[in-house]
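What follows is a short report on a single structure.
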Amino acid sequence: MFKIKAPETFAASLTIRGQGREQKLDVVFNHLSRKAYSELLEAVSDGKKTIEDSVLMLLKSWKADAELSKETLAELDDQQPGALWAIVHGYSDALRVERKGN
């Protein structure tokens, strides 16, 4: 039976490219409704939330060499500028539902 309600979390594998390398980042995202996700992006745009806070809201967990925390995300942003936005955009891509060809 087709289920209308989305699962609370979902796994994704993101490819983060930069600084001459590609790295795979396995994550588990928290599901947000389209409205909640739009509000989150707007809050970042308006300066009401930091990108680190937003990524923490989106991620339940990740497989990285450091614990998921605001401090670690700030370090990631300092070491690999754009990586946090890659995670946010990866969420958007993973959230989108598409029809599988049949």
Could you tell me whether the side chain of [X] and the main chain of [Y] form a donor-acceptor pair under 3.5 Å?
X: T72; Y: E67; result: yes
X: Y37; Y: Y91; result: no
X: S54; Y: T50; result: yes

Could you check if a side-chain atom of [X] sits within less than 4.5 angstrom of a side-chain atom of [Y], using non-hydrogen atoms only?
X: F10; Y: V28; answer: no
X: V88; Y: L41; answer: yes
X: I87; Y: L58; answer: no
X: L73; Y: E75; answer: no
X: K49; Y: L40; answer: yes
X: W62; Y: F29; answer: no
X: L25; Y: V27; answer: yes

Which distance, rounded to the nearest 0.5 Å, do you find between the [atom1] of [X] and the [atom2] of [Y]?
X: I16; Y: L76; atom1: CD1; atom2: CG; value: 8.0 Å
X: Q80; Y: Q23; atom1: CD; atom2: CD; value: 5.5 Å
X: K35; Y: S38; atom1: NZ; atom2: OG; value: 10.0 Å
X: K60; Y: E8; atom1: NZ; atom2: CD; value: 8.5 Å
X: S69; Y: L56; atom1: OG; atom2: CG; value: 7.5 Å

Identify the heavy atoms of [X] and [Y] that sit nearest to each other, and give their distance.
X: A36; Y: L32; value: CB-CB, 4.1 Å
X: Q79; Y: Q19; value: O-NE2, 2.8 Å
X: P7; Y: H31; value: O-CB, 3.1 Å

Decide whether T9 and N30 meet the rule of one side-chain donor and one side-chain acceptor closer than 3.5 Å.
-> no
After noting the C-alpha distance and the side-chain angles of K70 and E52, does the key distance pass the salt bridge (Lys or Arg N to Asp or Glu O under 4.0 Å) rule?
-> CA-CA 6 Å; K70 189 171 183 174; E52 293 89 354; 6.0 Å; no
